[in-house]
Amino acid sequence: MALGKLFIGLKVRELRVASQQTQSQFAKRIGISTSYLNQIENNQRPVSAAVLLQLADKFNLDISELSRGETDRLLSALSEALADPIFESFSPSLQELKLISQNAPALAHALVLAHQAYRRKSEQLASLDHDRENAPGLGATPYEEVRDFFHFVDNYVHALDILAETLATGLYGAGFDRRSALVRHLEKQFGVSVAFAETNDGPLRHYDRDRKVLTLNRLSANPTQVFQLAHQVSQLHAAREIEEIVQRANFRTDEARDICRIGLHNYFAGALVMPYGEFLSAAQKLRHDIELLSARFEASLEQVCHRLSTLQRPGSKGVPIFFARIDRAGNITKRHSATKLQFARFGAACPLWNAHRAFEVPQGIIRQLAETPDGVRYLCLATQTFKGTGGFAATRTGYVLAFGCEVSYADQFVYADDLAIGERSRFEPIGISCRLCERGNCPSRAVPPIRGRLQVDPDIRETIPYRLA
């Protein structure tokens, strides 16, 4: 795997500190001089292929993780922050940004958080009419804080994934009736009985701790019932492990800790219904056909797409994909990307992205070959889905699930079989968002980019009333 020059001084230093060795001891173990190790740890020299192999052999370093992951996501967030006009007089090169992300990630995170606070403050001040004293707090909301927690752990929580997979072993037997298996497990292991209620406006799940009775909404879809059963198992089986993770995350508020606990229990539930090894094998065999995976694991399409985005286990990774859930207003209510495509934190997504067109298609999966301004090409897939209980009077909320991969992985997806992936002309230009995209000739542009000057000619009127200088 061609990784190019790797400056991974922070990672090497962490390995050495974790092994409780001095630079001299560590350098001797991997067969290099102490001075060379010192230069590596300070990102003054890249690691050689020989050193990488020694690190992999002696310290179980997963080389495949070095080409993407935390640094790529942090680099994307840092680049977006520095694209703001307030930093107009600063133009760090890509190499400088990479060095900051690799060598001083805490500083990069601090700058990203500061910029987010600035953006929230600007938006709040702009929306105030006269009563400035009633302005809400300017810090990250608890929801945003938890969202960023999952984003920067690559949407993969190793301890919970292993715990869920271990529990799932033998739980379902030879069949795939997950609902019955989970009901039996709750009754046998925890003395919890499961009841059902029929109501259009009732909760999906209600647990009476005193009576040890779990009540599910019978009108909800089977995948929803299975997932809620698995969530209850998580609360009874994985509470201690989840609490340890929450405490280590150092959230600022009790609300963020509560939201994160729910998110981690949901993560465990997904891993219990779709155990890592079994799900990864099925995804590869079925070539990521989400409808077949849904039927195979008694899971909804959204649960399947979300689980595909978590296949980031060191040494056994799945295809890096992006995944997002979008509502009709264009809000991205779920998002994760293990690819170079990172979703904008502010503003709407690119209107040329096929995710928006999926609301016009009642059924099926729509496909798009797309290219971002950095030249990276993607297979983009989108489908509409609905949430809600049964019945004519029930409220059903529509969403679009958007997922995909870099085109180099497209042959592993059944959806790419008849697409002309080798013809560059078939790829549509898309961006992250209008405010970050510098394409000068896009007729779908909603707002000018925040960087760059505009040229306005009163004698010429094109699709948009300005040109980018």
Side-chain angles (χ1 to χ4, degrees), residues 72-73 76-77 79-80 83 147 151 155 288 290 301-302 304-306 308-309 319-386 397-410 413-416 419-421 423-451 463-464 468:
D72 280 351
R73 292 187 296 279
S76 174
S79 299
E80 181 179 347
R147 181 193 63 189
H151 178 67
N155 208 25
H288 298 84
I290 62 171
L301 295 182
E302 179 179 336
V304 166
C305 289
H306 198 153
L308 287 172
S309 76
V319 171
I321 76 165
F322 62 83
F323 164 64
R325 187 182 70 187
I326 304 102
D327 67 16
R328 286 189 175 275
N331 300 305
I332 298 179
T333 56
K334 276 188 180 181
R335 67 180 186 185
H336 176 67
S337 179
T339 72
K340 292 181 180 178
L341 179 66
Q342 301 294 330
F343 303 106
R345 291 169 175 263
F346 302 100
C350 175
L352 299 178
W353 189 24
N354 70 333
H356 304 295
R357 297 201 297 268
F359 281 111
E360 304 166 8
V361 181
Q363 292 182 339
I365 293 175
I366 63 172
R367 305 172 297 172
Q368 178 186 40
L369 295 176
E371 181 176 345
T372 49
D374 57 3
V376 180
R377 291 178 289 164
Y378 297 91
L379 169 66
C380 298
L381 308 162
T383 186
Q384 186 175 184
T385 187
F386 293 90
T397 304
Y399 296 95
V400 161
L401 306 176
F403 64 105
C405 64
E406 292 183 21
V407 75
S408 58
Y409 296 98
F413 283 70
V414 67
Y415 309 105
L419 298 179
I421 291 177
E423 299 180 25
R424 189 150 196 157
S425 61
R426 299 295 184 92
F427 287 80
E428 301 178 60
I430 66 169
I432 302 302
S433 68
C434 288
R435 62 186 294 276
L436 295 177
C437 181
E438 298 183 0
R439 295 188 194 274
N441 59 345
C442 179
S444 297
R445 178 175 291 281
V447 295
I450 57 178
R451 276 194 179 275
T463 305
I464 55 177
L468 304 184

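This one's a predicted model, so the numbers in the text were calculated from it and none came from an experiment.
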- [ ] List for me each residue that meets ring pair (Phe, Tyr, Trp, His ring centres under 6.0 Å) alongside Tyr399, sequence neighbours excluded, and say none if there are none.
- [x] none
Task: Rounded distance (nearest 0.5 Å) linking atom SG of Cys405 with atom NE2 of His288 - done: 8.0 Å
- [ ] Mind checking the OG-CZ spacing from Ser309 to Arg335? Nearest 0.5 Å is all I need.
- [x] 13.0 Å
Task: Which residues share a side chain to side chain donor-acceptor pair (under 3.5 Å) with Thr383, sequence neighbours left out - done: none
TODO: Starting from the C-alpha separation in whole Å, work towards a yes-or-no answer on side chain to side chain contact (heavy atoms under 4.5 Å, CB included) for Tyr378 and Thr339.
DONE: CA-CA 10 Å; Tyr378 297 91; Thr339 72; 3.9 Å; yes
Can I get a per-line list of side-chain donor-acceptor pairs under 3.5 Å for residues 319-331, giving both atom names and the distance, sequence neighbours left out?
residue, atom, partner, partner atom, Å
Arg325, NE, Thr333, OG1, 2.9
Arg325, NH1, Glu302, OE2, 2.8
Arg325, NH2, Thr333, OG1, 3.4
Asp327, OD1, Ala329, N, 3.0
Asp327, OD1, Gly330, N, 3.1
Asp327, OD1, Asn331, N, 2.9
Asp327, OD1, Asn331, ND2, 3.4
Asp327, OD2, Asn331, ND2, 3.1
Arg328, NH2, Gln384, OE1, 3.2

TODO: Name all residues meeting the side chain to side chain contact (heavy atoms under 4.5 Å, CB included) criterion together with Glu423; count only those two or more places apart in sequence or in a different chain, and write none if there are none.
DONE: Ala420, Ser425, Arg426
Open item on the list: List the residues meeting side chain to side chain contact (heavy atoms under 4.5 Å, CB included) with Pro429, not counting sequence neighbours, and say none if there are none.
Closed with: Arg439
TODO: Apply side chain to side chain contact (heavy atoms under 4.5 Å, CB included) to the pair Arg377 and Arg424, showing each step before the final yes or no.
DONE: CA-CA 9 Å; Arg377 291 178 289 164; Arg424 189 150 196 157; 4.3 Å; yes
Open item on the list: Apply side chain to side chain contact (heavy atoms under 4.5 Å, CB included) to residues Leu419 and Arg367 and explain how you reach the verdict.
Closed with: CA-CA 9 Å; Leu419 298 179; Arg367 305 172 297 172; 3.8 Å; yes
Open item on the list: If we check side chain to side chain contact (heavy atoms under 4.5 Å, CB included) with Leu401, which of these qualifies: Leu301, Ile365, Leu381?
Closed with: Leu301
- [ ] Please work out whether the ring planes of Tyr415 and Phe403 are parallel, tilted or perpendicular, with thresholds of 30° and 60°.
- [x] perpendicular
TODO: Start with the C-alpha distance between Ile430 and Gln368, add both sets of side-chain angles, then the distance that settles side chain to side chain contact (heavy atoms under 4.5 Å, CB included), and finish with yes or no.
DONE: CA-CA 10 Å; Ile430 66 169; Gln368 178 186 40; 4.0 Å; yes
Which atom pairs, donor and acceptor, lie under 3.5 Å between side-chain atoms of residues 349-359 and protein residues at least two apart or in another chain?
residue, atom, partner, partner atom, Å
Asn354, ND2, Ile366, O, 3.4
Asn354, ND2, Cys380, O, 3.2
His356, NE2, Cys350, O, 3.0

Task: Shortest non-hydrogen contact from Phe413 toward Tyr409 - done: CD1-O, 3.7 Å
